[in-house]
Amino acid sequence: MTGQPFVRLKNITRRFDGGGGVNSLSIDIPEGGFTVLLGPSGCGKSTTLRLIAGLEPPDSGRIEIGGRDVTALGPSERGLTMVFQSYALFPHLNVAENIVFGLRVRGMAKKEREARLAEALDLTGLNGYADRKAAQLSGGQRQRVALARAIVARQPLCLMDEPLSNLDAKLRHSVRQEIRSLQRRLGMTLVYVTHDQTEAMGMADQIVLLNQGRVEHMGPPAELYERPASAFTASFIGSPAMTLLPADILPFNLQAAGILPAGLNAKSLQLGVRAEDFILLPEGSGRLPATVVFSEFLGAETYVYLAVDGAEQVIARLPGRNEKAPGTRLSLNWSPASANWFDRESGRCLPNTLQLVSQP
């Protein structure tokens with residue numbers, strides 16, 4: 001991954017009569033990297049992918065691929081391949097014929113087609129399946145055929161639109177690993193659309209989190225998880241999501257603790273803390289009183305669900321087996337470094353220097 005922008009969207013707007021689309025979108029996609037477009041349904045991620053592919057024209061803005069303005073070019077002129085949610089395989093053709101179909105249409109010589117086919121079958125683990133029809137394949141094998149078809153084209157840019165959504169959870173995990181491994185081995189620039197934040201966190205070099213047609217946060221997965229740019233990012237990334245507490249329920253003086261700059265007050269802030277960063281202490285010895293609602297033992301960890309006055313449900317993640325009896329009263333604590341502070345009106349994260357500096 002070179003880090004140089006290979007795909008650039010500059011102030012792209014695309015609106016539809018029924019709403020949706022994207023608005024003044026600017027994104028840089030590094031060459032040789034794995035970029036995931038993430039967000040809830042209707043946020044504009046598939047529209048963005050279709051704009052890059054040339055399947056949708058922008059109302060305004062500019063799209064560049066490899067330093068070339070492709071805004072007005074069709075899909076076949078952009079030097080890319082695309083893997084769709086549906087496998088789009090021809091049922092009357094076998095695996096080999098499906099994989100090289102595009103090469104035959106373009107008139108590539110048979111010897112070159114066969115060489116590329118052999119390479120793609122090997123890379124995708126489809127050796128021995130070349131003569132099978134699509135109906136004889138499992139869902140995972142059909143998805144591998146779609147991947148092999150993208151590989152034989154040898155284009156520097158590959159677009160994937162929720163390619164794993166038709167697979168069961170176990171198969172999604174294994175195919176996800178295969179896609180990531182292939183992308184690294186081939187050095188292609190890959191743009192991947194998903195609504196699954198776990199999928200995005202596990203695969204991406206860069207996540208572009210979209211919300212209502214705009215970029216909410218763009219950066220590496222660890223940044224979105226540890227220092228979310230907004231309350232929306234904090235609540236969308238992570239399982240469980242980051243707990244957001246109204247700062248005015250905290251039973252200590254924020255100004256005295258050195259948290260608030262001039263012009264702000266507790267009613268204008270939210271505190272964000274990840275589940276694993278909560279520390280459970282005996283009642284009266286922490287920062288915030290809480291009551292255990294129930295515990296959920298998951299093997300390697302335990303989720304403790306807590307009630308806090310003035311806040312929605314709080315979840316603490318503890319290692320191993322750590323159930324707490326319902327009704328137990330205790331105190332919540334957290335380290336200053338784990339705190340994130342958000343403006344309640346705009347949702348934006350405040351500078352990370354605004355952190356609790358002393359135990360009240």
*Asks:* Strictly below 4.0 Å, N to O, side chains only: are Arg344 and Asp248 in salt-bridge contact?
*Replies:*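 A salt bridge is present here (some side-chain N lies under 4.0 Å from a carboxylate O).
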*Asks:* Less than 4.5 Å apart, side chain to side chain, heavy atoms only: is that true for Asn340 and Leu244?
*Replies:* no
*Asks:* Test your reading of the model: is there a side-chain donor-acceptor pair from Arg348 to the backbone of Ser230, 3.5 Å cut-off?
*Replies:*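 No, the answer is negative, given that no donor and acceptor are paired below the 3.5 Å cut-off.
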*Asks:* Verify, without hydrogens or angle tests, whether Glu223 (side chain) and Pro228 (backbone) share a donor-acceptor contact under 3.5 angstrom.
*Replies:*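 The answer is no, because no donor-acceptor pair under 3.5 Å joins these two groups.
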*Asks:* How far apart are the closest heavy atoms of Val152 and Ala120, and which atoms are they?
*Replies:* CG1-CB, 3.5 Å
*Asks:* Are there more than 12 heavy atoms of other residues, nucleotides or ligands under 6.0 Å from atom CD of Gln212?
*Replies:* no
*Asks:* Between Arg144 and Glu178, does any side-chain N to carboxylate O distance fall below 4.0 Å?
*Replies:*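 Between Glu178 and Arg144 there is a salt bridge, with a charged N closer than 4.0 Å to a carboxylate O.
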*Asks:* Given the rule that I, L, V, M, F, W and Y join up when any side-chain heavy atoms are under 4.5 Å apart, are Leu49 and Met160 in one cluster?
*Replies:*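 Shared cluster, no.
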*Asks:* Please list all pairs meeting ring-ring contact (aromatic ring centres under 6.0 Å, His included) that have one or both residues in residues 292-327, counting only residues at least two apart or in different chains.
*Replies:*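 Listed once each, the pairs are Phe294-Tyr305.
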*Asks:* For Leu164 and Gln143: C-alpha separation, side-chain torsions, deciding distance, then whether side chain to side chain contact (heavy atoms under 4.5 Å, CB included) applies.
*Replies:* CA-CA 8 Å; Leu164 309 184; Gln143 192 55 270; 4.3 Å; yes
*Asks:* When you compare the side chain of Phe6 with that of Pro156, does any pair of heavy atoms fall below 4.5 Å?
*Replies:* yes
*Asks:* Determine yes or no for a side-chain-to-main-chain donor-acceptor pair under 3.5 angstrom, with Thr71 supplying the side chain and Ile63 the backbone.
*Replies:*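 Yes, the answer is positive, given that a donor and an acceptor are paired below the 3.5 Å cut-off.
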*Asks:* Supply the atom-to-atom distance Trp334 CH2 to Asp277 CG, rounded to the nearest 0.5 angstrom.
*Replies:* 11.5 Å
*Asks:* If you group Ile, Leu, Val, Met, Phe, Trp and Tyr by side-chain heavy-atom gaps below 4.5 Å, do Leu137 and Ile99 land in one group?
*Replies:* yes
*Asks:* Got a donor-acceptor contact below 3.5 angstrom from the Arg78 side chain to the Leu73 backbone?
*Replies:*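 Yes, because the side chain of Arg78 sits within donor-acceptor range (under 3.5 Å) of the backbone of Leu73.
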*Asks:* Counting only heavy atoms from other residues, nucleotides and ligands, does the tally under 6.0 Å from CG of Asp309 exceed 12?
*Replies:*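 At most 12 heavy atoms, drawn from other residues, nucleotides or ligands, come within 6.0 Å of this atom.
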*Asks:* Where does the angle between the aromatic ring planes of Phe90 and His92 fall among parallel (under 30°), tilted (30 to 60°) and perpendicular (over 60°)?
*Replies:*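 It falls in the perpendicular class, over 60°.
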*Asks:* Please round to the nearest 0.5 Å and tell me the distance separating atom CD1 of Ile207 and atom OH of Tyr225.
*Replies:*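 One finds 12.5 Å between CD1 of Ile207 and OH of Tyr225.
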*Asks:* Apply the test side chain to side chain contact (heavy atoms under 4.5 Å, CB included) to residues Val22 and Ile12: give CA-CA distance (whole Å), side-chain angles for both, the deciding distance (0.1 Å), then the verdict.
*Replies:* CA-CA 7 Å; Val22 297; Ile12 293 293; 4.2 Å; yes
*Asks:* Looking only at heavy atoms, which two atoms of Ala311 and Pro246 are closest? And how far apart?
*Replies:* CB-CD, 4.3 Å
*Asks:* Between Glu64 and Arg68, is the closest basic N to carboxylate O distance under 4.0 Å?
*Replies:*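 Salt bridge between Arg68 and Glu64, a charged N being under 4.0 Å from a carboxylate O: no.
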*Asks:* Is there a donor-acceptor pair under 3.5 Å between the side chain of Arg287 and the backbone N or O of Ser331?
*Replies:*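 No; zero donor-acceptor contacts below 3.5 Å.
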*Asks:* Just to verify, which of Leu159, Thr35, Val36 counts as forming a side chain to side chain contact (heavy atoms under 4.5 Å, CB included) with Tyr192?
*Replies:*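 For Tyr192, the side chain to side chain contact (heavy atoms under 4.5 Å, CB included) test succeeds with only one of Leu159, Thr35, Val36, which is Val36.
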*Asks:* Determine the minimum heavy-atom distance between Lys324 and Val292, stating which atoms define it.
*Replies:* O-CG1, 3.5 Å
*Asks:* Check whether any side-chain heavy atom of Val191 sits under 4.5 Å from a side-chain heavy atom of Phe34, and report yes or no.
*Replies:* no
*Asks:* Less than 4.0 angstrom from a charged side-chain N to a carboxylate O is my criterion; do Arg14 and Asp59 meet it?
*Replies:* yes
*Asks:* Is there a side-chain contact between Leu9 and Ile52, using heavy atoms and a 4.5 Å cut-off?
*Replies:*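 When only atoms from C-beta onward are counted, Ile52 and Leu9 do touch, with a gap below 4.5 Å.
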*Asks:* Using the side chain to side chain contact (heavy atoms under 4.5 Å, CB included) rule, take Asn322 and Val304 through it: C-alpha gap first, then chi angles, then the decisive distance, then the call.
*Replies:* CA-CA 8 Å; Asn322 255 310; Val304 180; 5.6 Å; no
*Asks:* Measure the CZ-CG distance between Arg149 and Leu103 for me, rounded to the nearest 0.5 Å.
*Replies:*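 If I round to the nearest 0.5 Å, the distance is 11.0 Å.
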*Asks:* When you look at Thr328 and Thr291, which way does the side chain to side chain contact (heavy atoms under 4.5 Å, CB included) test go after all the steps?
*Replies:* CA-CA 6 Å; Thr328 301; Thr291 303; over 6 Å; no
*Asks:* May I ask you to decide if Gly238's main-chain N or O and Gln197's side chain share a donor-acceptor pair within less than 3.5 Å?
*Replies:* yes
*Asks:* With clusters defined by side-chain heavy atoms of hydrophobic residues (ILVMFWY) lying less than 4.5 Å apart, directly or transitively, does Val175 cluster with Met201?
*Replies:* yes
*Asks:* Is the backbone N or O of Ser24 less than 3.5 Å from a side-chain atom of Thr13, with the two atoms forming a donor-acceptor pair by type?
*Replies:*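 Yes, Thr13 side chain to Ser24 backbone: donor-acceptor pair under 3.5 Å.
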*Asks:* Ion pair present between Arg154 and Glu112, side-chain N to carboxylate O less than 4.0 angstrom?
*Replies:* yes
*Asks:* State, with a plain yes or no, whether a side-chain heavy atom of His217 is found less than 4.5 Å away from one of Val208.
*Replies:*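 Answer no - side chains too far apart.
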*Asks:* Kindly indicate whether the side chain of Leu306, heavy atoms from C-beta on, has any atom under 4.5 Å from the side chain of Val293.
*Replies:* no
*Asks:* Return the minimal non-hydrogen interatomic distance between Ala150 and Val83, and the atom names on each side.
*Replies:*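 Scanning both residues, the minimum pair turns out to be CB-CG2, 4.0 Å.
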*Asks:* Show the nearest heavy-atom pair for residues Arg329 and Pro289, with the distance to one decimal.
*Replies:*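 It is NH2-CB, 4.5 Å.
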*Asks:* Would you compute the distance between atom CD of Glu119 and atom CG of Leu117 and round it to the nearest 0.5 angstrom?
*Replies:*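 One gets 10.0 Å once the value is rounded to the nearest 0.5 Å.
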*Asks:* Flag yes if more than 12 heavy atoms outside Arg104 fall under 6.0 Å of its CZ atom; otherwise flag no.
*Replies:* no
*Asks:* Report whether Val308 and Leu269 are members of the same hydrophobic cluster (ILVMFWY, side-chain heavy atoms less than 4.5 Å apart, transitive linking).
*Replies:*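 Yes; Leu269 is reachable from Val308 via cluster members.
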*Asks:* Tell me, do Pro91 and Lys133 make a side-chain contact under 4.5 Å, heavy atoms counted?
*Replies:*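 No, their side chains stay 4.5 Å or more apart.
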*Asks:* Is the side chain of Arg142 donor-acceptor paired with the backbone N or O of Ala134 at a distance under 3.5 Å, no angle test?
*Replies:* yes
*Asks:* Taking all non-hydrogen atoms of both residues into account, name the closest pair between Val193 and Lys45 and its distance.
*Replies:*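 Of all heavy-atom pairs spanning Val193 and Lys45, the closest is CG2-O, 3.6 Å.
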*Asks:* Quick one: pull up SG in Cys158 and CG in Leu190 and give me the separation to the nearest 0.5 Å.
*Replies:*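 So the SG of Cys158 and the CG of Leu190 are separated by 5.0 Å.
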*Asks:* When you measure from the side chain of Ser26 to the backbone N and O of Asn11, does any donor-acceptor pair fall under 3.5 Å?
*Replies:* yes
*Asks:* Going through the checks in order, is the salt bridge (Lys or Arg N to Asp or Glu O under 4.0 Å) test met by Arg116 and Glu114?
*Replies:* CA-CA 5 Å; Arg116 292 196 186 190; Glu114 290 178 345; over 6 Å; no
*Asks:* Taking side chain as C-beta onward, heavy atoms only, is Thr47 less than 4.5 Å from Phe16?
*Replies:*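 Heavy-atom side-chain distance check passes, below 4.5 Å.
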*Asks:* Step by step, work out the side chain to side chain donor-acceptor pair (under 3.5 Å) result for Thr189 and Glu31.
*Replies:* CA-CA 5 Å; Thr189 303; Glu31 184 176 8; 5.6 Å; no
*Asks:* How many angstroms lie between atom OG of Ser41 and atom NE2 of His195, to the nearest 0.5 angstrom?
*Replies:* 7.0 Å
*Asks:* Answer yes or no: is there an ion pair linking Arg180 with Asp205, defined by an N-O contact shorter than 4.0 Å?
*Replies:*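 Judged by the 4.0 Å cut-off on N to carboxylate O distance, Arg180 and Asp205 do form a salt bridge.
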*Asks:* Indicate yes or no for a side-chain donor-acceptor contact from Asp28 to the backbone of Arg8 under 3.5 Å, with no hydrogens or angles considered.
*Replies:* no
*Asks:* Less than 6.0 angstrom from the centroid, inside 45 degrees of the normal: does Arg317 satisfy that with respect to the ring of Phe278?
*Replies:* no
*Asks:* Is Leu51 reachable from Leu25 through a run of I, L, V, M, F, W or Y residues, each pair having side-chain heavy atoms under 4.5 Å apart?
*Replies:*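 Both belong to a single hydrophobic cluster.
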